[in-house]
**Q** 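Quick one: the structure is below, questions incoming.
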Amino acid sequence: MIDGIVTPRLRDIDYLAPSAPYPAVPSGITVHQKTIYRYSIPTDEQPTLTIQNYIPDYNGNFIKPGHYELALSDDREFLYLLESKDLIAVIPVFKIDENKKELKLYYESKKKLDKDDKRKLAKKKRKEKFQKIIDAKYAKTGATPPRDYIHMEASIEYVKNGGYYLLKYEKGFIRAWGAIKVKQD
């Protein structure tokens, strides 16, 4: 500033942003560039996988022991190993299984309605009505309301003959198996 005159470059805040000493995003990655958005998983609730040993790969990298989320991709071709919503590993799925009997019963229950089913449907509607009231009460306090339980399970085991870790994923009616090949010494 010379004699109270502001130069055009100093008037616009957009010119100051790149030269600011502390950027708004220190890592340079914005929210929608994180892996949780790039590799979107269907829900936030995923089974937890506990890894007890270091898992090395052929490039000298490794997965540290700890608790991870195991998620199945939408196309069901990959398992995602996530730590605090950050992608750690992408594991190919070599086998997938759906409980056809349970799925068939689930879809048929939506199609056919007789007297008993109409009563069940009315009961379900009442339950949904009360769930909306409960959700509204939880929304006032900012807490997350409880949801119906869905069976979830994730496990890992080392297969010595093949030299790989076998991952098992189970959520609802879907099961998937993936493998992590490890470098043998």
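Only this structure's heavy atoms are used, side chains among them; waters, hydrogens and symmetry mates stay out.
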**Q** For Thr50, which residues count as a side chain to side chain donor-acceptor pair (under 3.5 Å) partner, sequence neighbours excluded?
**A** His67
**Q** Could you report the tightest heavy-atom contact between Leu72 and Ala176, atom names first, then the distance?
**A** CD1-CB, 4.0 Å
**Q** So, for Ala89 and Ile63, which heavy atoms are closest and what is the spacing to 0.1 Å?
**A** CB-CD1, 4.1 Å
**Q** Identify, with sequence neighbours excluded, every residue that meets side chain to side chain donor-acceptor pair (under 3.5 Å) alongside Tyr164.
**A** none
**Q** Could you pull out the closest heavy-atom pair between Tyr169 and Pro47, with the gap in Å?
**A** CE1-CG, 3.6 Å
**Q** Taking ring pair (Phe, Tyr, Trp, His ring centres under 6.0 Å) as the definition, give me every residue that meets it alongside Phe130, ordered by chain and number, with sequence neighbours left out.
**A** none
**Q** Rounded to the nearest 0.5 Å, what separates atom CD1 in Ile91 from atom CD1 in Ile156?
**A** 7.5 Å
**Q** Can you list the residues that meet the side-chain contact (heavy atoms from CB on, under 4.5 Å) rule with Lys64, with sequence neighbours excluded?
**A** Tyr54, Phe62, Tyr68
**Q** Nearest 0.5 angstrom please: Asp97 CG to Phe173 CZ, how far?
**A** 12.5 Å
**Q** Are side-chain heavy atoms of Lys168 and Ser155 found at a separation under 4.5 Å?
**A** yes
**Q** Can you sort out the partners of Asp75 under side chain to side chain donor-acceptor pair (under 3.5 Å), two or more places apart, ordered by chain and number?
**A** Ser73
**Q** Would you please name every residue forming a salt bridge (Lys or Arg N to Asp or Glu O under 4.0 Å) with Glu98, sequence neighbours left out?
**A** Arg76
**Q** Name all residues meeting the side chain to side chain donor-acceptor pair (under 3.5 Å) criterion together with Glu83; count only those two or more places apart in sequence or in a different chain, and write none if there are none.
**A** none
**Q** For the side chain of Lys181 and the backbone of Gly162, is there at least one donor-acceptor N/O pair under 3.5 Å apart?
**A** yes
**Q** Run the salt bridge (Lys or Arg N to Asp or Glu O under 4.0 Å) test against Glu128 and tell me which residues pass, sequence neighbours left out.
**A** none
**Q** Run the side chain to side chain contact (heavy atoms under 4.5 Å, CB included) check on Ile88 and Leu82 step by step: do they pass?
**A** CA-CA 5 Å; Ile88 302 298; Leu82 304 166; 6.0 Å; no
**Q** Find out whether Lys95 and Arg175 are in side-chain contact, i.e. whether some heavy atom of one side chain is under 4.5 Å from a heavy atom of the other.
**A** no
**Q** When you compare the side chain of Leu70 with that of Tyr80, does any pair of heavy atoms fall below 4.5 Å?
**A** no
**Q** Would you sort out whether Leu49 and Leu81 count as a side chain to side chain contact (heavy atoms under 4.5 Å, CB included), showing the intermediate values?
**A** CA-CA 9 Å; Leu49 177 69; Leu81 192 64; 3.8 Å; yes
**Q** Using ring pair (Phe, Tyr, Trp, His ring centres under 6.0 Å) as the criterion, list what pairs up with Phe78, not counting sequence neighbours.
**A** none
**Q** Quick one: side-chain contact (heavy atoms from CB on, under 4.5 Å) partners of Phe94, sequence neighbours excluded?
**A** Leu166, Trp177, Ala179
**Q** Pair Tyr165, Asn53 - check side chain to side chain contact (heavy atoms under 4.5 Å, CB included), show working.
**A** CA-CA 11 Å; Tyr165 284 93; Asn53 301 321; 4.2 Å; yes
**Q** Quick one, Gln46 with Met152, criterion side chain to side chain contact (heavy atoms under 4.5 Å, CB included). Give me CA distance, side-chain angles, the key distance, then yes/no.
**A** CA-CA 7 Å; Gln46 299 297 330; Met152 295 185 286; 5.5 Å; no
**Q** Return the CD1 to CD1 distance between Ile174 and Ile96, rounded to the nearest 0.5 Å.
**A** 6.0 Å
